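The structure presented is a predicted model; accordingly, all values stated were derived computationally and were not measured. Below, read A as the first sequence line, B as the second, and so on, with proteins coming before strands; counting in each chain starts at 1.
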2 protein chains.
Amino acid sequence: MKRQSMAPAGNRPETRPTLAAVAARAGVSASTASLAFSGRGPVSDDTRAKVLAAAAELGYGGPDPLAQSLRRGRSGIIGALIPARIGVSFRDPVLIQTLDGLAEEISAIGAGLLLLPDQDPDSGYVNVTDAPVDAVVLVGCSADALSALDALQRRSIPIVQIEGPVDAGVHTISVDNRGGVRLLAEHLRAFGHTRVALVTLALDRARTAGPLTAEREAGATVTAALDRIAGARDVYPGVGGWVAGASRSDAGREAALALLTVPPAGRPTAILAQSDLLAAGVLAAAEELGLRVPEDLSVVGFDGIRVDGLERSLTTVWQPSQDKGAAAGRAIVEMLAGRSPEPVSFDVRFQPGDTSGPAPA
Amino acid sequence: MKRQSMAPAGNRPETRPTLAAVAARAGVSASTASLAFSGRGPVSDDTRAKVLAAAAELGYGGPDPLAQSLRRGRSGIIGALIPARIGVSFRDPVLIQTLDGLAEEISAIGAGLLLLPDQDPDSGYVNVTDAPVDAVVLVGCSADALSALDALQRRSIPIVQIEGPVDAGVHTISVDNRGGVRLLAEHLRAFGHTRVALVTLALDRARTAGPLTAEREAGATVTAALDRIAGARDVYPGVGGWVAGASRSDAGREAALALLTVPPAGRPTAILAQSDLLAAGVLAAAEELGLRVPEDLSVVGFDGIRVDGLERSLTTVWQPSQDKGAAAGRAIVEMLAGRSPEPVSFDVRFQPGDTSGPAPA
DNA sequence: AGACCGGCTCGAATCGATTCGACCTTTTTT
DNA sequence: AAAAAAGGTCGAATCGATTCGAGCCGGTCT
């Protein structure tokens with residue numbers, strides 16, 4: 001058992017041909033062979049043909065990207081730090097759109113996207129720190145994630161965050177979360193609502209659901225969620241609500257059930273959900289409870305996405321998710337070129353729908 | 001203009017500290033410094049402390065992953081070839097689940113996932129061939145993609161495909177597509193349906209929608225779609241239908257509208273959609289056209305996913321998407337360890353719902 | 001006391017390419 | 001016909017780490 005199974009496979013069948021081997025076989029120097037492959041220098045057609053022939057004979061698959069990366073100092077890989085594992089993160093259309101815009105822009109420099117779930121450092125998942133990335137984009141991550149990044153900054157790897165604390169000394173792409181929600185809140189106030197409740201996005205990396213308490217808010221690390229709360233408070237100062245675990249309709253439904261199954265006198269007449277997906281869940285909960293929308297309950301969302309299977313037109317605020325990703329991509333490209341991009345902030349757009357109306361009498 | 005703007009930035013502020021620099025400052029050799037960082041060899045606490053101190057003073061961020069990759073011959077990156085750009089591909093829950101399972105498994109060896117949209121080679125997107133990947137997984141790609149892979153095989157980079165032509169000489173993970181659809185078709189036949197139509201997945205890389213013609217079938221390169229057609233033909237030999245552009249409900253809706261807006265005499269009494277998302281679109285179309293399901297029209301899907309916003313319980317066949325991804329991940333891990341994994345094929349499970357019933361009289 | 005051993009450190013080779021400047025032919029210019 | 005220019009090719013240095021075998025040193029065993 002020892003002998004045969006241990007031997008990898010004979011003497012050196014593993015040995016793959018290198019550029020040097022190809023060059024030797026073609027009777028030219030390694031430098032010339034390199035030039036022949038990259039087409040970056042003057043090489044006679046004759047020589048090139050010889051090199052290519054030698055490569056074919058040896059079964060050489062082209063220059064090793066690893067070696068190229070080291071030499072060039074670039075791997076052509078941009079790390080995308082996402083808030084949770086793939087199966088969870090990619091349920092969120094906003095994240096998908098953002099990444100799509102990002103991927104599109106960085107393809108301009110031939111770079112690809114490496115998915116880096118923001119897990120516990122000891123979860124076995126790749127650590128941002130020791131991945132061969134040229135730059136990192138934080139998309140929708142909690143501020144906790146930033147802590148892991150000083151190692152990157154020491155290595156002077158460009159970092160861009162999409163939504164995050166502005167004081168972090170990191171290039172930030174964002175929208176006017178606070179102003180957007182303020183628009184929604186004003187809309188509700190204009191309709192005469194006084195008992196309003198929030199359904200917020202996850203507040204921290206742990207993303208546990210539950211009532212929105214002062215302590216939880218104090219410990220929150222997701223800037224977008226906090227800004228949106230602040231926007232609501234601009235109009236309804238002490239407004240409370242429920243923290244959803246994820247931006248998904250099931251989480252919204254649970255939150256709404258918790259908020260709505262109270263004596264009618266104290267029940268909110270409007271729910272301000274921090275995402276359209278959450279709002280869809282709120283609508284589902286309302287229907288289950290026999291509440292009519294908007295007669296008994298007004299519901300507003302955030303994002304302006306098209307929610308699959310939702311016939312209603314949601315009152316919401318639209319944000320340019322894809323553009324945010326694209327802006328992050330362009331910023332990365334700029335930074336890798338040694339320039340300093342201007343910070344970008346996008347506007348949101350109020351989008352009235354049929355899920356909000358006058359407060360019930 | 002020449003002089004000042006060309007100078008990158010003074011003399012050498014760009015120069016980041018290297019391990020050698022740290023070692024020099026700590027008064028030890030580079031080898032010892034390396035040992036101190038990796039913890040892979042015997043280093044006295046004293047020395048380690050000196051090295052760490054020197055690193056801190058110099059602002060050294062740890063060993064360069066690029067150099068490590070070259071030395072080790074591993075980048076810790078697995079390429080995931082996805083069928084379309086991110087914004088399109090990730091609308092498909094099956095793909096997401098698959099990638100989730102995949103990511104989970106490869107995290108066991110600390111590897112991450114690099115997203116590689118299977119675009120035209122000259123689209124500017126990263127080419128699989130020159131990305132520093134240790135292995136590649138094709139997930140739901142057309143066979144066209146395989147053509148680009150001989151370069152990888154020459155470099156002896158492990159390749160695994162999830163659903164694809166079995167004769168490609170590539171490790172394949174799949175489910176019994178044909179058998180699964182056959183179950184559905186038999187189910188419909190048992191209900192007495194004779195006029196049946198298909199709504200298929202995209203047949204090729206171009207993924208254009210349109211009627212299912214013999215020519216299109218002949219030129220098809222998506223094995224899963226073909227196998228599912230074959231399964232239907234096992235029961236309904238000449239059955240035709242419509243090719244959807246993508247696995248999404250809007251595509252399913254369009255296909256169904258095309259199939260159903262014909263004189264009632266020729267109208268199908270059952271539609272066999274090749275995915276649940278497509279089936280959801282078919283249901284939407286039926287509702288628009290005032291057809292009752294299952295009284296006027298039976299609809300069956302494939303995948304067994306929970307479709308957001310769909311209240312009905314779809315008659316479908318469930319497939320273990322996440323397990324498929326996980327199996328691919330394990331296969332990769334095996335292959336990277338120099339072993340040869342066994343090919344895996346999963347079973348599917350018929351899942352009756354309330355969208356299928358007896359054929360109308 | 002001499003042989004031996006274990007713990008720690010160092011030198012040098014290696015991973016696989018790219019790139020700059022030098023050098024040698026030809027060909028063109030004056 | 002001599003000088004300059006152009007076109008190709010090659011050597012050697014470099015990117016930044018890892019790793020193996022050798023060497024050194026102080027202590028233990030006999």
statement: Residue pair B:A67/A:P42 against DNA chain D: nearer the 5' end by closest nucleotide is A:P42
Among C:dT9, D:dC10, C:dA17, the one nearest B:T47 by side-chain distance: C:dT9
task: Apply the side-chain contact (heavy atoms from CB on, under 4.5 Å) test between B:I173 and each candidate in B:T98, B:I162, B:V137, B:D323; give the one that qualifies.
output: B:I162
Phosphate OP1/OP2 of D:dG16: any B:Y60 side-chain N/O under 4.0 Å: no
- line: Separation of C:dA17 atom P from B:D130 atom CG, nearest Å, is 13 Å
query: Taking the side chain from B:R339 and the backbone from B:E334, do they hold a donor-acceptor pair closer than 3.5 Å?
result: no
message: Whether A:S69 contacts D:dC15 is assessed here as follows: a side-chain N or O lying under 4.0 Å from the phosphate OP1 or OP2. Is that the case?
response: no
task: Kindly say whether B:I78 contributes a backbone atom to a donor-acceptor pair with the side chain of B:D134 at under 3.5 angstrom?
output: no
- prompt: Tell me: CG of B:D45 to P of C:dC8, nearest whole Å?
  reply: 8 Å
Nucleotide nearest A:V43 (side chain, heavy atoms from C-beta), chosen from D:dT9, C:dC8, D:dA17: D:dT9
query: Could you give the CZ-to-P distance, from B:R48 to C:dC8, as a whole number of Å?
result: 10 Å
message: Tell me whether B:R155 contacts the main-chain N or O of B:T129 through its side chain, where contact means a donor paired with an acceptor under 3.5 Å.
response: yes
message: Please report the distance, rounded to the nearest Å, between CG in A:L19 and P in C:dG16.
response: 11 Å
query: From the list D:dG11, D:dA17, C:dG11, which nucleotide is the closest neighbour of the side chain of A:S29?
result: D:dG11
- request: Evaluate side chain to side chain donor-acceptor pair (under 3.5 Å) for A:D46 paired with A:S44, printing each intermediate quantity in order.
  value: CA-CA 5 Å; A:D46 194 34; A:S44 71; 5.2 Å; no
statement: B:R155 atom CZ is separated from C:dG16 atom P, nearest whole Å, by 12 Å
query: Rounded to the nearest Å, what distance is computed from the CG atom of residue B:D46 to the P atom of nucleotide C:dG7?
result: 17 Å
- prompt: Please give, in whole Å, the distance from D:dC15 C1' to B:R16 CZ?
  reply: 11 Å
query: Under the 3.5 angstrom rule, does the side chain of B:S89 hit a backbone N or O of B:A84 as a donor-acceptor pair?
result: yes
field: ring pair (Phe, Tyr, Trp, His ring centres under 6.0 Å) partners of residues 30-84 of chain B, not counting sequence neighbours, each pair once
entry: B:F37-B:Y60
query: Of the non-hydrogen atoms in A:P65 and B:A131, which two are nearest, and what is the gap between them?
result: CG-O, 3.7 Å
query: How long is the line joining CG of A:L70 and P of C:dC15, in whole Å?
result: 14 Å
B:S34 (side chain) donor-acceptor with B:A30 (main chain) under 3.5 angstrom: no
field: Secondary-structure stems for DNA chain C, with pairs counted as Watson-Crick or G-U when both distances are under 3.5 Å and runs at least 3 long
entry: C:1-30 with D:1-30
Protein and nucleotides 19-24 of chain D: nitrogen or oxygen contacts under 3.5 angstrom:
| residue | atom | partner | partner atom | Å |
| --- | --- | --- | --- | --- |
| D:dT19 | OP2 | B:R40 | NE | 3.4 |

